[in-house]
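Below is one structure, written out as structure tokens; the observations come after it.
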Amino acid sequence: MTTATVTFFTPYPFKLGEKIRITTGPRRGDWEVVDLDEQKVTLRCPVSQRLVTWDHFLHLSETKDNCPWPA
């Protein structure tokens, strides 16, 4: 097995009441997490109070050097 630089994507663990800022894309802006389950997250805009429900879509990522590849 060889090693390589590998980027990992992990679903973000939302928490009720959490205030988040999405920095790019059509969903960008400030949001508050008002409801969630294993499939969906409901966010509220703090300015317009608009509620939106989306499939989980945010991921944390990290890059590690010298990882076994493929795993």
Side-chain angles (χ1 to χ4, degrees):
M1 187 177 320
T2 63
T3 62
T5 300
V6 179
T7 303
F8 294 83
F9 292 87
T10 305
Y12 182 75
F14 290 105
K15 298 177 199 137
L16 283 177
E18 185 171 22
K19 291 163 177 51
I20 65 171
R21 177 168 294 146
I22 301 171
T23 57
T24 61
R27 298 174 178 174
R28 73 181 172 272
D30 290 340
W31 300 94
E32 182 178 3
V33 179
V34 295
D35 194 21
L36 63 122
D37 61 29
E38 290 187 22
Q39 301 296 320
K40 304 278 186 180
V41 59
T42 300
L43 306 176
R44 177 176 49 227
C45 173
V47 176
S48 69
Q49 302 300 307
R50 176 179 168 222
L51 291 174
V52 293
T53 300
W54 291 313
D55 289 336
H56 285 264
F57 61 96
L58 292 176
H59 291 76
L60 291 174
S61 66
E62 65 178 312
T63 302
K64 294 182 181 181
D65 292 326
N66 299 316
C67 286
W69 179 260

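Just so you know, these numbers come straight off a predicted model, no measurement behind them.
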Handout entry: Nearest-0.5 Å distance, CH2 of residue W31 to CZ of residue R50
Key =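 Going from CH2 on W31 over to CZ on R50, the span is 5.0 Å.
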Problem - E32 side, atom CD; L43 side, atom CG - distance, nearest 0.5 Å - result: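 Those atoms lie 9.5 Å apart.
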Exercise for the section: Check the pair V6, K64 against side-chain contact (heavy atoms from CB on, under 4.5 Å), reporting the backbone distance first and the verdict last. Expected result: CA-CA 6 Å; V6 179; K64 294 182 181 181; 5.7 Å; no
Exercise for the section: May I ask you to test the R28-T23 pair for a side-chain heavy-atom distance under 4.5 Å? Expected result: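 Contact flag for R28/T23 side chains = no.
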Problem - Q49 atom CD, over 12 foreign heavy atoms within 6.0 Å - result: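 For Q49, atom CD is crowded (more than 12 foreign heavy atoms under 6.0 Å).
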Exercise for the section: Would you kindly confirm whether L51 and L36 end up in one hydrophobic cluster when ILVMFWY residues are joined by side chain heavy atoms under 4.5 Å apart? Expected result: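 L51 does not cluster with L36.
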Exercise for the section: Check the hydrophobic clustering (I, L, V, M, F, W, Y; side-chain heavy atoms under 4.5 Å; chains of links allowed) and say if V52 and L16 are grouped together. Expected result: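 Yes; L16 is reachable from V52 via cluster members.
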Exercise for the section: Give the intermediate values and the outcome of side-chain contact (heavy atoms from CB on, under 4.5 Å) for residues T10 and H59. Expected result: CA-CA 5 Å; T10 305; H59 291 76; 5.8 Å; no
Problem - Minimum heavy-atom distance V33-K15, with the two atoms named - result: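 Heavy-atom minimum between the residues: CB-O, 3.4 Å.
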Problem - Taking every non-hydrogen atom, the tightest pair across R27 and I22 - result: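 Looking at all heavy atoms of both residues, the shortest contact is O-CD1, 3.5 Å.
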Handout entry: Reference residue D30; test salt bridge (charged side-chain N to carboxylate O under 4.0 Å, His left out); the match among R21, K19, R44
Key =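 Only one of R21, K19, R44 forms a salt bridge (charged side-chain N to carboxylate O under 4.0 Å, His left out) with D30, namely R21.
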Problem - Stepwise side-chain contact (heavy atoms from CB on, under 4.5 Å) test for V41 and L58 - result: CA-CA 10 Å; V41 59; L58 292 176; over 6 Å; no
Exercise for the section: Please answer whether the main-chain N or O of P13 pairs with a side-chain N or O of H56 as donor and acceptor at a distance below 3.5 Å. Expected result: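 Side chain of H56 to backbone of P13, a donor-acceptor pair under 3.5 Å: no, none is there.
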